[in-house]
Every structure is written in C-alpha cells, then in structure tokens.
Amino acid sequence: MVKKILFVCLGNICRSPAAEGVFKQKIKDRDLENLFVVDSAGTGGWHVGNLADPRMRETALSRGIELTSRSRKIEENDLYEFDHILVMDQDNLDAVKSLIKDSMNPVNSKIKLILTYSKDSQLDEVPDPYYGGQNGFDKVLDLLDDAIDGLIDSLID
Ligand code: 4NP
C-alpha cells in the first residue's frame with residue numbers, strides 16, 4: 001500500500017518544500033520511491049503558485065537536492081487524502097487542527113510535529129528561517145535530514 005505524506009509550514013516556500021525535497025531524495029537513495037506519494041502545503045496563501053524561496057532552493061541544491069514544488073495552501077480535503085501530515089511548528093499544528101470541525105475526529109492522530117521523529121535534536125519545532133540569515137536555512141536542512149531518517153524508518157517498519 002502506498003502511503004501519502006504531506007509536509008506543512010506557514011508559507012510553503014521554505015521549510016515544507018525543503019522537507020518534501022529531503023524526503024524525496026532519501027526514498028530515492030533507499031530505493032523506496034514506489035512506496036510513497038509526497039507533497040507539501042502552507043497554512044497561509046501569500047505565496048501560492050511560487051517556487052520555494054531562492055535562499056532555500058540554493059541551500060538545498062548545495063546538498064544535491066533540487067526543490068521544484070510550487071506553493072499551495074492546505075485544504076480540508078488534504079486531511080482525508082493524506083495518511084501522515086507532518087508540521088514544522090506548533091502554530092502550524094494549531095492551524096491544521098483548526099480545519100477539523102470535530103475534536104474527536106480520528107484524522108487528529110495523523111497530524112504530528114516533524115521533530116517528533118528526530119534522533120539527534122532536543123528541539124520541538126523547525127525554526128522559521130524566512131526573516132533570518134543563511135544559518136537558519138542550513139539549520140532547517142540539518143534538522144530535517146535527521147528527522148526524516150527517523151520518519152522513514154517508522155513508516156517502513
Ligand atoms: P515557511 O517560511 O513557513 O517555512 O515557508 C515562511 C515563508 C513566508 C512567510 C513566513 C514564513 N511570510 O510571512 O511571507
């Protein structure tokens with residue numbers, strides 16, 4: 001059975017496109033591409049239709065990862081379409097959960113902070129790099145590299 005994975009951040013131009021790119025690269029490297037469908041979305045719609053931020057694309061490319069996705073806003077239907085929804089921070093978690101009308105709805109259990117799967121980091125959230133410098137973009141990729149290894153391991157058990 002193919003598993004459908006959605007990564008979510010605020011703008012869908014920095015963290016979640018990076019997560020989508022890292023996940024795709026890792027499943028390619030591990031020859032697991034046929035097991036997954038992967039996408040990303042934002043809780044805000046300001047950048048809909050845009051490629052990822054040039055700073056995020058450059059930083060990913062320097063590690064051999066090309067980010068090609070276009071920003072889109074998450075929709076209620078995504079909660080039913082995808083099997084696992086991984087968010088970058090608590091604000092994203094609250095925003096995604098606010099799309100669910102019924103707090104008892106079982107889709108609640110699909111939605112998790114991505115750093116739940118981290119092996120190395122004590123952080124709970126992937127910090128938003130948008131208003132910061134280059135080290136913020138490197139940090140995003142360092143955190144995602146670790147957590148997405150843990151995520152993939154958990155999904156292929
Ligand atoms: P992202 O970063 O949520 O990682 O894509 C942001 C991108 C844009 C904005 C905020 C965060 N913005 O305010 O436009």
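Indexing begins at 1, ligand by ligand and atom by atom, following the structure's order.
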When distances are taken from atom 9 (C) of ligand 1, the protein heavy atom at minimum range is Tyr130 CD2, 3.6 Å
Below 4.0 Å, non-hydrogen atoms only: which portion of His47 touches ligand 1? Side chain, backbone, both or neither.
side chain
Closer than 4.0 Å to some heavy atom of Gly11 - which atoms of ligand 1 meet that?
1 (P), 3 (O), 5 (O)
Are the side chains of Asn135 and Phe137 in touch, meaning some heavy atoms are under 4.5 Å apart?
no
For the 3.5 Å polar cut-off, considering only N or O atoms, please tell me whether Cys9 and ligand 1 meet it.
no
Whether the Ser71 and Asn50 side chains hold a donor-acceptor pair (N or O, under 3.5 Å, no angle test) is what I'd like checked.
no
Under 4.0 Å from any heavy atom of Ile13, which atoms of ligand 1 are there?
5 (O), 7 (C), 8 (C)
For ligand 1, note which part of Asp128 has a heavy atom under 4.0 Å away: side chain, backbone, both or neither.
side chain
Would you say ligand 1 has an N or O under 3.5 Å from any N or O of Leu10?
yes
Distance alone, cut at 3.5 Å: any donor-acceptor contact between the side chains of Asn108 and Asn105?
no
Using a strict cut-off of 4.0 Å, indicate which atoms of ligand 1 neighbour a heavy atom of Tyr131.
13 (O)
Element-labelled atoms of ligand 1 that are located less than 4.0 Å from some non-hydrogen atom of Cys14
1 (P), 2 (O), 4 (O), 5 (O)
Run the salt bridge (charged side-chain N to carboxylate O under 4.0 Å, His left out) check on Lys26 and Asp153 step by step: do they pass?
CA-CA 11 Å; Lys26 286 185 182 293; Asp153 289 345; over 6 Å; no
Above 12 or not: heavy atoms from other molecules or residues under 6.0 Å from CG of Asp102?
yes
Whether over 12 other heavy atoms sit under 6.0 Å from Lys4 NZ:
yes
One residue to check: Asp53. Relative to ligand 1, which of side chain, backbone, both or neither has a non-hydrogen atom less than 4.0 Å away?
neither
From the list Leu144, Thr59, Val22, side chain to side chain contact (heavy atoms under 4.5 Å, CB included) partner of Ile65 resolves to Val22
